[in-house]
Amino acid sequence: MAAASASSCASTLPRIATRAWQVAAVAGIAIFAAHTLLGDRVGLDDFFNRYWYNALMLLAAGAAVVRACTARSERSAWIAFAAGLCCWAVAELLFDFAYGGDPPYPSAADVFYLAFYPACYVGMLILVRHRISELGSMIWFDGAMAAVAAAALGSAVLFEAVLRTTDGSTSVIVTNLAYPLGDILLLSAVAGVFALTRWRPGHTWGLIGIALLSTTTADGIFLLQTATDTYREGTMVDALWPASMLLLAAAVWQRPRRTQVALVGRPLLATSLVCGAIGLGILVYDHFHRLNSLAIGLAGATLVAVAIRLVLTFRENARVVGLLRTHAVTDALTGLGNRRQLVDELAAVLDEHAEAGSRLLVIYDLDGFKLYNDTFGHPAGDALLTRLAGALAEVVAPHGACYRLGGDEFCVLADVPAGEEAAFLERSAAALCETGVGFNVTSSFGAVRLPQEASTSVDVLRLADQRLYAQKRERSGRRDPHEMLLEALYERSPGLRDHVGEVVHMAISVGEAFGLDHDELEELRLAARLHDVGKLAVPDDVLQKVGPLEPDEWAFIHEHTLIGERILVAAPGWQGVAAIVRATHERWDGAGYPDGLAGTEIPPAARIIAVCDAFSAMTSQRSYRLPVTREQALQELRACAGTQFDPDVVAEFCAIAEQAPAGDARHRGAA
């Protein structure tokens with residue numbers, strides 16, 4: 001409790017000190033400004049102009065020093081600002097107390113006044129490095145161009161005014177001009193930062209900008225009044241210096257915020273147009289009223305910067321257009337052309353004259369890739385696609401181009417000499433195959449000779465797709481080792497053969513209605529065929545029992561999905577099918593087995609198989625009950641929708657079943 005209290009007190013003290021400083025700063029500058037406005041009515045001019053004024057300066061410098069000593073980040077920037085504020089405070093003390101308000105010109109006070117400028121400039125550069133994200137040379141060039149334009153404007157206005165009213169010795173002239181030059185450099189740097197941040201600089205830079213603008217205004221008025229011998233101590237001009245120093249001290253205490261300079265949506269020409277207008281305006285004005293060489297030189301530099309910026313903008317736009325064109329026709333993963341590029345180049349080929357010769361278009365689809373992806377993960381799948389794409393490109397390179405259509409589909413458009421088509425197809429299909437421990441990815445393809453076999457892009461792609469899937473169907477006729485398990489199950493329970501066939505057919509119909517893709521439908525088909533394979537481990541006297549089952553017998557039944565999973569998961573690449581089989585007796589309300597999954601936690605394929613399995617079981621002859629009619633089974637499914645079954649699956653299944661003929665054996669039931 002004591003430790004917590006001490007920690008709370010420690011965190012409260014800085015907040016109290018900060019608030020006390022803010023109150024002191026605002027009240028102090030307000031009282032000083034009120035005195036300058038109302039005039040000296042009680043004989044306190046000397047007190048306010050010397051003691052109160054310098055107390056405000058020391059208040060600002062002290063706050064900056066504390067920040068520099070306690071900051072955990074950006075300390076080097078705060079040290080520079082603290083040094084600048086301390087230099088200004090020392091200069092004020094020398095001016096008022098060492099020289100009694102009437103120093104020689106130039107004096108030691110001028111050295112400290114002028115030291116304020118490089119210190120603050122260094123602090124601003126360090127702060128820019130810390131707070132503004134590095135994006136690109138173009139954005140930084142915008143900032144530099146805005147700084148040069150601001151410097152040109154300041155030179156044409158402030159520097160010019162001081163130059164015209166300054167006379168005397170060389171040291172006097174140099175000192176007088178050093179002040180506006182320092183102000184111009186600081187303000188131009190602030191303008192550059194504001195341009196970098198799209199004129200949304202944040203609290204720190206906003207306060208720095210206001211502070212430096214106040215200093216510039218006060219310096220300019222002071223120098224003009226001094227040159228014309230009209231300066232009088234104790235006016236509002238004197239309030240601008242302590243106000244600017246207090247604002248600068250407040251800026252260093254603002255919470256750090258890194259500015260991300262975003263290029264998207266940035267008005268790329270706005271800064272160039274404004275800077276160009278400033279430079280051109282100064283040169284036009286100089287034609288009628290001669291300005292100083294510094295203003296003219298900076299104005300010319302601004303116009304040169306604008307011209308360079310326009311050239312850079314043109315080059316950048318050309319580069320961006322090229323990148324957009326490349327990205328629009330390139331597959332990001334493999335670097336091959338995408339479907340858009342294929343369609344464009346296919347249309348160009350078909351538009352060529354007959355003497356251009358015939359071409360071969362081939363569409364490839366990977367077999368076993370989804371299981372590879374599920375087994376080893378998507379990053380490994382992406383890496384495999386990249387390797388296969390590189391191998392295909394190497395084979396195709398001498399003859400044409402290859403493309404990735406999406407997913408695990410590739411395409412080739414090639415000029416293959418007559419008589420070499422078979423060898424080319426064999427090599428390209430082999431390039432899209434890879435075998436390793438636990439996986440075997442191969443490819444099927446469909447080839448079309450154009451323009452002989454098809455003359456439009458739509459016909460070419462449709463014919464190639466038809467031939468591709470005809471080859472996949474032909475290859476899928478090979479028997480899988482798990483078929484032997486099914487044969488053993490059918491020998492033991494012959495009635496399951498028809499039941500499994502019905503479940504497979506109905507599940508595929510529902511899966512197609514839900515828009516499952518080819519690989520998902522194949523996984524659904526395998527799971528539907530093998531969903532009862534675990535019953536091989538259920539004793540005959542339980543599986544064939546006529547009467548109701550005892551609790552221990554039900555335990556055997558509840559185990560069959562787990563047994564089925566263990567059988568299937570032993571084969572590499574069958575993890576997805578095994579997970580579906582495990583979940584085929586889960587319920588929508590979470591009361592199923594073996595895991596008590598509910599709702600969308602159950603795999604979609606398992607939800608489909610559960611509905612199809614229940615319908616087939618209800619409409620089939622079983623040893624322990626008679627079948628029900630199709631209408632009764634559909635009514636029971638609807639009654640259990642939302643509790644036992646997924647209501648969306650039930651609705652889709654019933655719609656399909658009701659459209660099937662009443663005598664269809666695949667949706668049969670007693671009449």
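Counting begins at 1 with the first residue of the sequence. The structure displayed is predicted, hence computed values, not measured ones. Computed from heavy atoms alone, side chains included, the values below leave out hydrogens, waters and symmetry copies.
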Can you tell me how far the [atom1] atom of [X] sits from the [atom2] atom of [Y], to the nearest 0.5 Å?
X: Thr442; Y: Asn440; atom1: OG1; atom2: CG; value: 6.0 Å
X: Leu530; Y: Ile609; atom1: CG; atom2: CD1; value: 9.5 Å
X: Ile363; Y: Tyr403; atom1: CD1; atom2: OH; value: 12.0 Å
X: Leu336; Y: Leu342; atom1: CG; atom2: CG; value: 11.5 Å
X: Trp588; Y: Glu601; atom1: CH2; atom2: CD; value: 10.0 Å
X: Gln341; Y: Leu346; atom1: CD; atom2: CG; value: 12.0 Å

>> Between Arg404 and Asn338, does the side chain to side chain contact (heavy atoms under 4.5 Å, CB included) criterion hold? Intermediate values first, please.
In response: CA-CA 5 Å; Arg404 182 185 175 211; Asn338 60 12; over 6 Å; no

If we count only N and O atoms by modelled type, under 3.5 Å, do the side chains of [X] and [Y] hold a donor and an acceptor together?
X: Asp613; Y: Ser616; result: no
X: Asp367; Y: Ser444; result: yes
X: Gln635; Y: Glu631; result: no
X: Ser509; Y: Glu512; result: no

Can you list everything that forms a salt bridge (Lys or Arg N to Asp or Glu O under 4.0 Å) with [X]? Sequence neighbours excluded, please.
X: Glu421; result: Arg449
X: Glu453; result: Arg467
X: Arg339; result: none
X: Asp595; result: Arg582

Grab the two heavy atoms, one from [X] and one from [Y], that are nearest each other, plus how far apart they are.
X: Ser443; Y: Cys433; value: N-SG, 3.8 Å
X: Arg427; Y: Val395; value: CB-CG1, 3.9 Å
X: Leu524; Y: Gly511; value: CD2-CA, 4.0 Å
X: Asp589; Y: Ala598; value: C-CB, 4.1 Å
X: Leu361; Y: Ala464; value: CD2-CB, 3.9 Å
X: Thr619; Y: Ala633; value: CG2-CB, 3.7 Å

>> Before you tell me yes or no, could you show the steps for Phe445 and Leu425 under side chain to side chain contact (heavy atoms under 4.5 Å, CB included), namely the whole-Å CA-CA distance, both residues' side-chain angles and the distance that decides it to 0.1 Å?
In response: CA-CA 9 Å; Phe445 62 85; Leu425 291 173; 3.9 Å; yes

> Who pairs with Phe376 by ring pair (Phe, Tyr, Trp, His ring centres under 6.0 Å), at least two apart in sequence or on another chain?
Replying inline: Tyr372, Phe439

> Residues in ring pair (Phe, Tyr, Trp, His ring centres under 6.0 Å) with His585, at least two apart?
Replying inline: His560, Tyr593

>> Evaluate Val412 against Phe424 for side chain to side chain contact (heavy atoms under 4.5 Å, CB included), listing each step before the verdict.
In response: CA-CA 11 Å; Val412 164; Phe424 174 79; 3.8 Å; yes

> Sequence neighbours excluded, which residues qualify as side chain to side chain contact (heavy atoms under 4.5 Å, CB included) partners of Pro417?
Replying inline: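 Only His399, Glu420 meet the side chain to side chain contact (heavy atoms under 4.5 Å, CB included) criterion with Pro417.
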
>> Which residues pass the side chain to side chain contact (heavy atoms under 4.5 Å, CB included) test with Asn373, not counting sequence neighbours?
In response: Phe369, His378

Scan the side chains in residues 639-657 for donor-acceptor partners under 3.5 Å anywhere in the protein, sequence neighbours excluded, and list what turns up.
from, atom 1, to, atom 2, distance (Å)
Thr643, OG1, Cys640, O, 2.9
Asp646, OD1, Asp648, N, 3.0
Asp646, OD2, Arg607, NH1, 2.9

>> Under the rule for side chain to side chain donor-acceptor pair (under 3.5 Å), what residues qualify as partners of Thr456, not counting sequence neighbours?
In response: Asp459

> Of all residues at least two apart in sequence or in a different chain, which pass the side chain to side chain donor-acceptor pair (under 3.5 Å) check with Asp374?
Replying inline: Lys370

Are side-chain heavy atoms of [X] and [Y] found at a separation under 4.5 Å?
X: Val362; Y: Cys411; value: no
X: Val581; Y: Glu565; value: no
X: Pro594; Y: Glu586; value: yes
X: Glu502; Y: His505; value: no

> For Gln452, does the CD atom have more than 12 heavy-atom neighbours from other residues, nucleotides or ligands under 6.0 Å away?
Replying inline: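 Enclosed: over 12 neighbouring heavy atoms sit under 6.0 Å from CD of Gln452.
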
Please table the atom pairs, donor to acceptor, closer than 3.5 Å between any side-chain atom in residues 384-392 and protein atoms at least two apart or in another chain.
from, atom 1, to, atom 2, distance (Å)
Thr386, OG1, Asp382, O, 2.9
Arg387, NE, Glu434, OE1, 3.3
Arg387, NH2, Glu434, OE2, 2.7

>> Determine whether a donor-acceptor pair (N or O, by modelled atom type, separation under 3.5 Å) exists between the side chain of Thr330 and the backbone of Ala332.
In response: no

> Any sub-3.5 Å donor-acceptor pair from His531's side-chain atoms to Ala528's backbone N or O?
Replying inline: yes

>> My understanding is that only one of Leu405, Asp408, Leu468, Leu432 makes a side chain to side chain contact (heavy atoms under 4.5 Å, CB included) with Tyr364; could you say which?
In response: Leu432

>> Please evaluate residues Arg630 and Phe615 with respect to the criterion side chain to side chain contact (heavy atoms under 4.5 Å, CB included), reporting the C-alpha separation (whole Å), side-chain torsions for both, the decisive distance (0.1 Å), and the verdict.
In response: CA-CA 8 Å; Arg630 179 170 65 174; Phe615 180 83; 3.6 Å; yes

